Every structure is written in structure tokens, then in C-alpha cells.
Amino acid sequence: MSDRETTNRRPLDGVPAAGGRAPTEGAPPDHERPPRQERGKTVHGEIANAGHRVLAPDDAEVEAYLEAALKAPAPERSPEDRPGGGVPRGEPSASEPDTVIVLDFGSQYAQLIARRVRELHVYSELLPHDTPWAEIERRRPKAIILSGGPSSVYDEGAPRPDPAIWSGRVPVLGICYGLQLMAHELGGEVIPATRREYGPATVTITNEDGLFRGIDRDQPVWMSHGDSIVRPPEGFAATAQTDSTPFAGLADPVRRMFGIQFHPEVVHTPRGREILRNFVVEIAGARPTWTAANFIDSTVAEIRSRVDAHARATGSDGLVICALSGGVDSAVAAALVHRAVGDRLTCIYVDHGLMRKRESELLRATFEQNLGMRLVMVDARERFLARLAGVADPEQKRKIIGDEFIRVFEEEAAKISASGRIDFLTQGTLYPDVIESATAETKAAQKIKTHHNVGGLPADLRFRLIEPLRYLFKDEVRTVGLELGLPEAMVLRQPFPGPGLAIRIIGEVTAERLDTLREADWIVIDEIKAAGLYRSLWQSFAILTPVRSVGVMGDGRTYANVVAVRAVTSEDGMTADWAKLPYDVLGRISSRIVNEVPGVNRVVYDISSKPPATIEWE
């Protein structure tokens, strides 16, 4: 599909600015405010980049509850389990996107490389560095990218790919270690650098080959290497250099092999996206057809085909269930499956009473009223509160909530199965979860990711998995959700913990304390959205502390609760910095909480970063 043709489809590379889609009819209001000019920017005036929201699935903890006994094996995925992967070799179809393979040699940026390729509307997969050529070839790649990595190519046991990638059958781009590996494997020489380069540098383009077409001669880039190429392989020519690196770029156009010593995938290389585009689209000829609309069409068709085939083979009705957590991932997964199988899908939402204000109502309005789904909403609030009574330890809270969730879900699934066999369970597994179970680092540690497995259910309630989002990054899930018509209030929400407000109440969880926190949290989000800051923050919320303080309200003294406010910026949730919210925003939050929430007379702001602190308090 041409660039012109993709302009009318939502690309899988982020979400529109806030206010770009009308609220879903029938959904309760979600802090409705007129759009502001600065919405979507950080407090420093920079454009917020939702595309970095990759590693924190909202539903991870809820799906962890479904493990129960932690005895189920990891879900098996066949080589055909990928977009368009069911098409036989040699018979490409419109449903199969062009693919770029990224081989992971241990770089901290490996996922980011795959993400940057997808921003070009081209599908990419991240595979372990030692993936056999047969597995790579089965995916019909248009190009291969070799990531960076911490190793030196001359070290014993240094990671190497299948030698068949050097055959010239597929264009190859080596980045950092990938470039050095290419040079070393093809007869060049790599040695420890006399002057290492870490951080910003300026590269001079000496040969405007296809990789650097349209790029100015001198470019700021990001370097991170301690080795250097001193002699390139035969057939390669230098294309870029720095003051200390004469071969910062190499190319052999005849064999369609290219390499760069710097990292084009990071924001510190401003023209990096154009370099990747030159390789992926111009040199490799990949079609930019990876769009939300195309993904939805092909995924819905694949799900429908799979469920129908199973129903015919087994004589069943092809019934599907999905556990909705209120998170983005399960919501989008359910919407996709519903479009494929209609009323054969039943969504189960366990209302444990620990959600934020109006979220359960929003979920009901969206799925039941507007999307017409079969929704079972289980009011389990009293059950959860009864089990949490007197419990202050945060880990014990999590275990209780998880255990009770399993019990309620089992009961409801059993009721549904009484009227027909359930064949499939829908889960919101994301691509980073799939990657984590397959990368070299995880393989070496023999670590098996289990939070998307289902175990501990009765023997007659074993399901096949439907994971429609298993090849999407987090921001791509949001884009698909908007394309499916889900409201922004649900799709663009910040990550929320599976145990809900229970771990934002320090100490015992009671109905009264939940009401207090809900009202305070509503005000925090309301004011942050009004200031146009919501989309620039990773998370923002209130915490009800166990502290009470003396205050003066009117003519009398008070002894009331202290509420803490937490707002952080982050790229992936692994590290985070406290957000430098404007004083006037903090002032309005504090004033409203003290005046509008009964039982609170003091508000404090948490200015701790992660590490050493965590984002959540419990």
C-alpha cells in the first residue's frame, strides 16, 4: 500500500492527540473539559511520546491471578502463529504484512529497534540472535537488522547468528555490535578501541549511499562502543566516520549489506528514523501496510476462521470467554474477538470494589450498551472487603485479591459452561511478554514467564488461548482500541495496578477509606487533565496514608487523614522520575481535596524517583 493510501488509515505508531475522538455515547463523563492548546505536552514543553509505553501491560496482575496453581505449561505458539503466518510458503497474501526481522544480541535498545521499524508502518519481529535460518526464512523477511550488544566479537563465546544470513539473499543492516559482527564474520578486523565512544558524537557522512540518502553530511548521533573496525571486509566501503572511528559506517551495496556504528533507534540520533526508513522501505522495498485497520481486518478473519474450524471439528458451539480487568489490554482483546465471533464471546468482569471512581460504570456502558457484548458483571465487592478486613500487609492484600478473583472467575465460568462447552479463553498478552519468553537473555536464565498461562481451573474447564494482541506493543494496542471505537477514557488511561486501590490505601482497606481515596484520586486526575498534562505522565494518582494530622478548618481544630499525591514520568515503567508539576496545579489539587473530600485536612506531594522508591507505595 502506498503512503497516500495509508494516510486515511490509522497507523500503528501511536495515538491521536487528546480530543481527537468523540466520547462513546452512553458512557459516563470522564472529566469533560474543553481542549487546551498545551494538551499532550510535558511540563517542559516537549511533545509527549506515548510510543515509549511498552513494558507495562495494565492487565498483567489480573492475568497472573488466572495462573492459580502456576502449574500450566507456557502456551505453545507454532511458527505460523504470527500475522499472516498461516499462509503457506511461496503463497503471500494481502493479509500478510512485509516483515523485518531484528536479531537481538543483548542490546538494551533491541525492542526499540523493532518499535522504530513499526513506526514506518512496517511489521517487525524481534528474535534471539541464534534463531536458525530456517525459522527466519519461514517468516519471509524483507530485511534483517542486527542489534547492538554488550559483547566483543573476538571474545570466546560471543553471540553469533546463523551464517546463512551473510548469503546476500536478504538485505542486512548491522547496528553497533551488529556492524562489528558483520565486519568480523566477513573477513574484516575489529580491535579494542584506543578511544572509546559513549554518548553524543558527530558523524560525518563520506559516501551518500542508499542508507544516507537525503541526510546532511554532519549528523549528531548516539555512540556506545568500546571496539572499532580497523579493516573492513573485502567489497565494503566506508560511508561515515568520526574523529576516532574511521569506519562509523560501511556498505556493500552489491550484497545489500550495510552497517553503522551509532544507534539510529534512539532519540539522541535525530535523523535515525530517516536512516531506518532508507534501509527498510527504499533498500529492502518493504511495503508500509502495517496499519490499525489492516491489523484489525486480518486478525478478525484469523480468529473467526480458527474458532469456526474448531467448532466444526469438535461439534461444539465455539464459545469464548474473556476476563475483563478494566485495563486497556483485555478491553481491546475482547473488542477484537467480539468483532470476529459475536455473541459466542462472553466477557466476565469481576467488580471487586477496588476500581477508581466511575470505571466500572464506564466499562458496562462501553461493552454492554455501546458494543453490544454479552457481559457478565459480578458484584463481588462485599466478598473482597470481607476477606481484606483487618489486613494491612501489602503482599497479603495482593494474595487475597488474587485468590478471590480466581474463585469468582471459576464460579462464573462454571455457570457459563453449564449451557455449553467453553473452548477458548481470550487474554491480552502483548508482544513484550512474548519476547520475554524467547529472548537469549531469558533462555540463558531458564526463566519461564507464566503470568499469561491459565492453571488451577477445574479439569473440564481447560481452554485454548486466543491472544489477538500478542504481536503488538502497548501503544499499538491503544491505536487499535481507538480504531475499534473504544472510548479514549478507557484506551488512553494510565497503567493501573491489578489489586486496584487496595495497594494505594496504606493499611487496612475499608469501604469508608475506599470512598475517601476515590474522591481524592478523581480530583488529582481531573486537575491534571484540565492542565493538559495527563498524556505526558506515566502515572498520576492519590494515596491514602495511615497518617492523621492536626489541622484548622473554620473555627475548629481537626484531626484527619493525610493524602499523598504521586505523579511520575517514565518511558517504560522500569525507571521513573517524579513529575515537576506546576505549583498552581498542585495548589488546585490540594485545595480541592481538602475542601471537597470529607476527612482529609492535609495533602503532600511525593518527590521520590524510581529507584530507589517504586512508583506505587505498596
Side-chain angles (χ1 to χ4, degrees), residues 9-12 14-36 39-40 48 50-51 53 56-59 62 292-293 295-296 299-300 322-339 345 347-349 351 355-377 426 428 430 468-469 472 474-496 500 518 521-522 524-530 532-541:
R9 296 173 180 262
R10 190 184 303 278
L12 276 167
V15 293
R21 179 181 289 271
T24 302
E25 292 184 9
D30 182 75
H31 305 289
E32 294 177 357
R33 298 289 182 106
R36 298 197 178 199
R39 186 177 294 277
R53 296 186 173 184
D58 293 354
D59 302 313
V62 168
F295 171 81
I296 291 170
T299 301
V300 167
C322 177
L324 290 178
S325 70
V328 178
D329 309 326
S330 65
V332 175
L336 277 168
V337 174
H338 181 257
R339 184 168 290 194
L345 169 69
C347 293
I348 301 174
Y349 173 66
D351 184 0
M355 299 296 285
R356 289 178 287 199
K357 185 175 178 179
R358 298 188 184 176
E359 288 196 327
S360 293
E361 292 88 342
L362 172 65
L363 187 141
R364 179 189 291 276
T366 299
F367 286 91
E368 195 172 59
Q369 300 172 20
N370 299 110
L371 298 180
M373 291 191 190
R374 191 187 302 273
L375 176 64
V376 176
M377 292 195 72
T426 298
L430 300 191
L469 311 179
L472 296 188
K474 184 68 173 186
D475 60 306
E476 294 176 315
V477 172
R478 297 180 191 275
T479 305
V480 169
L482 293 175
E483 187 75 24
L484 287 166
L486 296 176
E488 286 191 356
M490 178 174 291
V491 175
L492 304 182
R493 55 174 271 174
Q494 296 170 351
F496 187 65
R518 276 196 196 92
D521 187 76
W522 177 267
V524 171
I525 300 300
D526 191 41
E527 288 298 333
I528 284 177
K529 285 187 174 181
L533 301 172
Y534 184 80
R535 295 272 296 280
S536 66
L537 299 174
W538 175 261
Q539 280 177 275
S540 49
F541 53 90

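Remember, it's a predicted structure, so these values are computed and weren't measured experimentally.
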S.K.: CD1/Ile528 to CZ/Arg535 distance, rounded to the nearest 0.5 angstrom?
M.R.: 14.5 Å

S.K.: Is the side chain of Tyr534 donor-acceptor paired with the backbone N or O of Gln494 at a distance under 3.5 Å, no angle test?
M.R.: yes

S.K.: One pair to check against side-chain contact (heavy atoms from CB on, under 4.5 Å): Arg374 and Leu345. What are the steps and the verdict?
M.R.: CA-CA 7 Å; Arg374 191 187 302 273; Leu345 169 69; over 6 Å; no

S.K.: How about Lys474 and Asp329: do any of their side-chain heavy atoms sit closer than 4.5 Å?
M.R.: yes

S.K.: Which residues satisfy the side chain to side chain donor-acceptor pair (under 3.5 Å) test with Thr299, sequence neighbours excluded?
M.R.: none

S.K.: What distance separates Glu476 CD from Phe295 CZ, expressed to the nearest 0.5 Å?
M.R.: 8.5 Å

S.K.: I need the minimum non-hydrogen distance between Val491 and Gly481, along with the two atoms involved.
M.R.: CG2-C, 4.0 Å

S.K.: Mind running side-chain contact (heavy atoms from CB on, under 4.5 Å) on Val480 and Leu486 for me, showing each step along the way?
M.R.: CA-CA 9 Å; Val480 169; Leu486 296 176; over 6 Å; no

S.K.: Shortest non-hydrogen contact from Ala335 to Met373?
M.R.: CA-CE, 3.4 Å

S.K.: For the pair Lys357 and Asp521, evaluate side-chain contact (heavy atoms from CB on, under 4.5 Å) and give the outcome as yes or no after the intermediate values.
M.R.: CA-CA 8 Å; Lys357 185 175 178 179; Asp521 187 76; over 6 Å; no

S.K.: If you measure from CZ on Arg493 to CD1 on Ile525, what distance do you get to the nearest 0.5 Å?
M.R.: 10.0 Å

S.K.: Hey, does Leu469 have a side-chain heavy atom less than 4.5 Å from the side chain of Leu336?
M.R.: yes

S.K.: Return the minimal non-hydrogen interatomic distance between Ala334 and Leu324, and the atom names on each side.
M.R.: CB-CD2, 3.9 Å

S.K.: How long is the gap from OG on Ser540 to NZ on Lys529, to the nearest 0.5 Å?
M.R.: 9.0 Å

S.K.: When rounded to the nearest 0.5 angstrom, what is the spacing between CE in Met490 and CZ in Arg478?
M.R.: 12.5 Å

S.K.: Any side-chain to backbone donor/acceptor pair from Arg518 onto Met355? Under 3.5 Å, distance only.
M.R.: yes

S.K.: Show, in sequence, the C-alpha distance, side-chain angles and deciding distance for Arg364 and Tyr349, and conclude whether the side-chain contact (heavy atoms from CB on, under 4.5 Å) test is met.
M.R.: CA-CA 9 Å; Arg364 179 189 291 276; Tyr349 173 66; over 6 Å; no

S.K.: Just jot down the side chain to side chain donor-acceptor pair (under 3.5 Å) partners of Arg339, sequence neighbours excluded, or say none.
M.R.: none

S.K.: Considering all heavy atoms of both residues, which atom of Pro495 and which atom of Gln539 are nearest to each other, and what is their separation?
M.R.: O-NE2, 3.1 Å

S.K.: Please answer whether the main-chain N or O of Leu363 pairs with a side-chain N or O of Thr366 as donor and acceptor at a distance below 3.5 Å.
M.R.: no

S.K.: Can you confirm whether Cys322 sits close enough to Val337 that some side-chain heavy atom of one is under 4.5 Å from a side-chain heavy atom of the other?
M.R.: no

S.K.: Atom CG of Leu375 and atom NE2 of His338: how far apart are they, to the nearest 0.5 Å?
M.R.: 10.5 Å

S.K.: Does a side-chain heavy-atom distance below 4.5 Å link Leu472 with Val332?
M.R.: no

S.K.: I'd like to check the salt bridge (charged side-chain N to carboxylate O under 4.0 Å, His left out) partners of Arg356; sequence neighbours left out, ordered by chain and number.
M.R.: Glu359

